[in-house]
Amino acid sequence: MNKKIISIVCLIIILLAILSSTVNASASAKVFSSSKSSSYKNCGTYAVAGLSELGYDPCTSSMGAITRNSMLEWIKNTGNGYAMYVHTFGGTGYFNDYYGYSIDNTMISGNWDFVYIDSSYSASSSELADAFHTTGYSNRCFLGWNGSVTTADSETFNYYFWLTYVGTSSIRNAAVNAAAHVPGAGTSPIKLYGSKTYYGTAR
């Protein structure tokens, strides 16, 4: 009887050891979309699908009247959040919440793997990319716009980027391929800072 109990206990210990060694905490991501328009909501939905495909779990979203405080809370998270997509208005070195309050490079902290700020001129300089610490590393990158982009062109780009190309190639190549689907010359001035070979896959 004692031998049987010892055998069962040993079996349980072995099973627990196997389970604990195979369960890994995944990096998480957050999507923010600042408008209640269908175009902005669509982009947010595409981003959730794309980031989930890359292995970010959970990937949560906040659509509509997003606030600066809610974005800063995510930016300053001390958990396992390493990716972020924001669809909003902004400019060089800053992006806005729904109400027009800005987040600039001086408010950003932490080490991020994949950040995409979907606002005009977000990548016209490296200020935001540097602030998110996505430059100078092999598995990090920042994506944004090097000029002005319309809501319609952004939506077209995001549809192909997130739903067709993300996960099949590097973020850089996925962006280049998606930009080719946006009609007109100079309508999708996408720009990447950081690793050109990084796939965006969750750590």
**Q** State, yes or no, whether a side-chain contact exists between Y101 and T67 at a heavy-atom distance under 4.5 Å.
**A** no
**Q** Can you tell if the side chain of R172 reaches within under 4.5 Å of the side chain of C141, non-hydrogen atoms only?
**A** no
**Q** Using distance alone, with no hydrogens and no angle criterion, decide if S125 and T92 have a side-chain donor and acceptor under 3.5 Å apart.
**A** no
**Q** Do you know which two heavy atoms are closest between H133 and R140, and how far apart they sit?
**A** O-NH1, 2.9 Å
**Q** Can a side-chain donor-acceptor contact be found between N146 and S124 if the only test is distance below 3.5 angstrom?
**A** no
**Q** F132 and side chain to side chain contact (heavy atoms under 4.5 Å, CB included): which single residue from D113, N111, I75, N105 fits?
**A** I75
**Q** Can you check whether F32 reaches M84 side chain to side chain, under 4.5 Å on heavy atoms?
**A**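 The answer is yes; the side chains approach within 4.5 Å.
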**Q** Within a radius of less than 6.0 Å around NZ of K196, do more than 12 heavy atoms belonging to other residues, nucleotides or ligands occur?
**A**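 Not buried by this count: 12 neighbours or fewer within 6.0 Å.
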**Q** Could you give the distance from CG (L54) to SG (C59), rounded to the nearest 0.5 Å?
**A** 9.5 Å
**Q** May I ask you to check whether over 12 heavy atoms, not counting those of E127, lie within 6.0 Å of atom CD?
**A** yes
**Q** Out of curiosity, does Y137 fall in the hydrophobic cluster containing Y193 (side-chain heavy atoms, cut-off under 4.5 Å, transitive links)?
**A** no
**Q** Quick check: is Y56 connected to F161 through a chain of hydrophobic side chains (ILVMFWY, heavy atoms under 4.5 Å apart)?
**A** yes
**Q** When you compare the side chains of N177 and S169, does any donor N or O come within less than 3.5 Å of an acceptor on the partner?
**A** no
**Q** Given side-chain contact (heavy atoms from CB on, under 4.5 Å), test W162 with L51 step by step and report yes or no.
**A** CA-CA 8 Å; W162 290 115; L51 288 165; 3.8 Å; yes
**Q** F157 vs W145, test: side-chain contact (heavy atoms from CB on, under 4.5 Å). Steps then yes/no.
**A** CA-CA 11 Å; F157 172 85; W145 299 101; 3.7 Å; yes
**Q** Under 3.5 Å, is there a donor on one side chain and an acceptor on the other for H87 and Y46?
**A** no
**Q** For the residue pair L128 and F142, establish whether any side-chain heavy-atom pair is separated by less than 4.5 Å.
**A** yes
**Q** May I ask you to decide if S138's main-chain N or O and S195's side chain share a donor-acceptor pair within less than 3.5 Å?
**A** yes
**Q** Taking atom types as modelled, find out whether D153 and S188 have a side-chain donor-acceptor pair closer than 3.5 angstrom.
**A**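 Absent: no donor and acceptor within the cut-off.
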**Q** Side chains of N173 and Y165, heavy atoms from C-beta outward: is any pair under 4.5 Å?
**A**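 Heavy-atom side-chain distance check fails, nothing below 4.5 Å.
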**Q** Just checking, any donor-acceptor pair under 3.5 angstrom between side chains of Y116 and N158?
**A**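 Side chains of Y116 and N158: pair found under 3.5 Å.
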**Q** Evaluate the side-chain contact (heavy atoms from CB on, under 4.5 Å) criterion for residues Y198 and F114: first the C-alpha distance (whole Å), next the side-chain angles of each, then the deciding distance (0.1 Å), finally the verdict.
**A** CA-CA 9 Å; Y198 176 46; F114 179 27; 4.3 Å; yes
